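Reviewing the structure listed below.
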Amino acid sequence: MPEGPEIRRAADTLEAAIKGKPLTDVWFGMPPLSGFAADLVGQRVENIETRGKALLTHFSGGLTLYSHNQLYGVWRVVDAGEIPQTNRVLRVRLQAMDKAILLYSASDIALLTPEQLAQHPFLQRVGPDVLDMTLTAAQVKARLLSPRFRRRQFSGLLLDQAFLAGLGNYLRVEILWQSALAPQHNASGLSEAQLDVLSQALLDIPRLSYQTRGVVDEKKHHGALFRFKVFHRAGEPCERCGGIIEKTTMSSRPFYWCPACQR
């Protein structure tokens, strides 16, 4: 299941194809949206924002296309005019002179005014996105210590999109290892130093994953490639303490940790 870094990289690919270019053709496969298509021709996609697993495609005329891929939705980039052979159902086509972006199979799609966007139920539920580069460790720490979250066990909290959008299972595992914390802890029981380390890891691990996963040229990233320290490494030695990494299930998801140093 893709997590925030994978969603953001997908949005980057879509932006590279279409951002800033006048739209020459717009098509929606859902009747409530089809009436907007003609008005969007000639407008530009200003940017594509991610909020957890939702994509917000902002048009120059002020409307925003909200889409959530859920289990089956997928975006594709193709050459303008290309019609791929697929069994998937096309929902959205946004085409410029040279490229088009296509959304298949998604069912949670809406065109929203700024007012509707601010009141959208999903967007009101989710927390700040970990890949929003304006989000700071101090803000994350304040969120950890808020009455809503301070007594929640990290095993569940770090999967809750209402806490921070874009986190998921492999990030949960790696963040807690980086912070040397067992998953049963909550923020109310941590020292200031532990809170500071965790708050920073909650930003650093997703951002490192976003910047470097899938990159094979290590020289360009000064050796700081993202690689799993504990995820899918049950039975291997922990590189921090030499203890043996174990696997269990937490919040119905596989969980990996080092019992020797995650206390």
Side-chain angles (χ1 to χ4, degrees), residues 1-21 44-59 64-79 82 84 86 88 90-96 98-106 108-109 122-123 126-136 140 158-159 161 163-175 178 200-232 253:
M1 185 69 72
E3 300 181 23
E6 292 73 41
I7 302 294
R8 183 60 254 174
R9 280 199 302 276
D12 290 346
T13 300
L14 299 176
E15 280 193 343
I18 204 95
K19 181 179 175 180
K21 302 173 183 178
R44 292 170 167 81
V45 171
E46 294 192 326
N47 68 298
I48 300 178
E49 179 186 354
T50 56
R51 291 285 300 276
K53 296 180 182 179
L55 259 60
L56 305 177
T57 303
H58 298 291
F59 297 103
T64 294
L65 178 68
Y66 167 92
S67 62
H68 194 299
N69 283 3
Q70 298 171 309
L71 289 177
Y72 303 111
V74 61
W75 283 95
R76 293 279 183 264
V77 175
V78 299
D79 292 330
E82 182 182 345
T86 177
R88 290 180 174 274
L90 183 63
R91 300 295 193 187
V92 177
R93 181 175 68 241
L94 304 177
Q95 182 168 294
D98 57 341
K99 296 288 183 183
I101 62 174
L102 312 177
L103 176 58
Y104 290 97
S105 303
D108 193 1
I109 305 170
F122 175 83
L123 299 176
V126 298
D129 195 289
V130 287
L131 294 174
D132 175 353
M133 296 305 172
T134 67
L135 184 63
T136 67
V140 171
L158 269 58
L159 295 178
Q161 300 300 291
F163 170 55
L164 289 174
L167 295 180
N169 193 42
Y170 84 76
L171 291 172
R172 168 182 75 155
V173 164
E174 294 296 317
I175 287 164
Q178 181 73 24
Q200 196 63 55
L202 281 160
L203 297 180
D204 288 350
I205 299 295
R207 290 172 182 182
L208 180 62
S209 176
Y210 163 63
Q211 291 161 4
T212 62
R213 280 197 83 198
V215 174
V216 293
D217 188 349
E218 201 161 333
K219 293 177 184 175
K220 288 184 180 177
H221 289 274
H222 312 291
L225 287 180
F226 183 92
R227 61 183 187 81
F228 293 135
K229 305 289 190 177
V230 283
F231 190 68
H232 282 169
R253 307 288 293 280

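This chain uses plain numbering: 1 for the first residue, then up along the sequence. Fair warning: this is a prediction, and the values are worked out from it, not measured in the lab. The figures that follow rest on heavy atoms only: side chains count, while hydrogens, waters and symmetry mates do not.
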Residue list, salt bridge (charged side-chain N to carboxylate O under 4.0 Å, His left out) with R93, at least two apart or on another chain: D25

CZ on R44 to CG on L94, rounded to 0.5 Å: 14.5 Å

Nearest non-hydrogen partners of S209 and R9, listed with the distance: O-NH1, 3.1 Å

Nearest heavy atoms of R88 and S105, plus distance in Å: NH1-OG, 3.3 Å

L159 to G168 - nearest heavy-atom pair and separation: CD2-C, 3.6 Å

Closest non-hydrogen atom pair, E174 against V230: OE2-N, 3.1 Å

Side chains of I175 and L167 in contact at under 4.5 Å (non-hydrogen atoms): yes

Residue pair K99, D79: steps toward the side chain to side chain contact (heavy atoms under 4.5 Å, CB included) verdict: CA-CA 4 Å; K99 296 288 183 183; D79 292 330; 2.7 Å; yes

R207 side chain to V130 backbone, donor-acceptor under 3.5 Å: yes

Pairing residues for T13 by the side chain to side chain contact (heavy atoms under 4.5 Å, CB included) criterion, not counting sequence neighbours: V77

Atom pair NZ (K53) and CD1 (I7), whose distance is rounded to the nearest 0.5 Å: 6.5 Å

Contacts of F59 that satisfy ring-ring contact (aromatic ring centres under 6.0 Å, His included) - sequence neighbours left out: none

Interatomic spacing from CG in D132 to CD in E49 - rounded to 0.5 Å: 7.5 Å

I48 backbone acceptor or donor facing E15 side chain under 3.5 Å: yes

Spacing of CG belonging to L135 relative to CG belonging to D129, to within rounding of 0.5 Å: 8.5 Å

Where G52 and A165 come nearest, the two heavy atoms and their spacing: N-CB, 3.5 Å

Set of salt bridge (charged side-chain N to carboxylate O under 4.0 Å, His left out) partners for K21, sequence neighbours left out: D98

Separation between CG of L14 and CD1 of I101, rounded to the nearest 0.5 Å: 5.0 Å

Side-chain heavy atoms of P84 within contact of L102, under 4.5 Å: yes

D12: partners by salt bridge (charged side-chain N to carboxylate O under 4.0 Å, His left out), with sequence neighbours left out: R8

Q161 side chain to G127 backbone, donor-acceptor under 3.5 Å: no

Residue pair L123 / L56, side-chain heavy-atom distance below 4.5 Å: yes

Non-hydrogen side-chain atoms of L171 and P5 separated by less than 4.5 Å: yes

Heavy-atom closest pair, residues G4 and L131: O-CD1, 3.4 Å

Whether Y170 and F228 hold their rings parallel, tilted or perpendicular, with breakpoints at 30° and 60°: perpendicular

Spatial distance of atom CZ (R76) from atom CG (L103) [nearest 0.5 Å]: 10.5 Å

R172 side chain to L158 backbone, donor-acceptor under 3.5 Å: no

Sequence-distant partners of D108, salt bridge (charged side-chain N to carboxylate O under 4.0 Å, His left out), two or more places apart: none

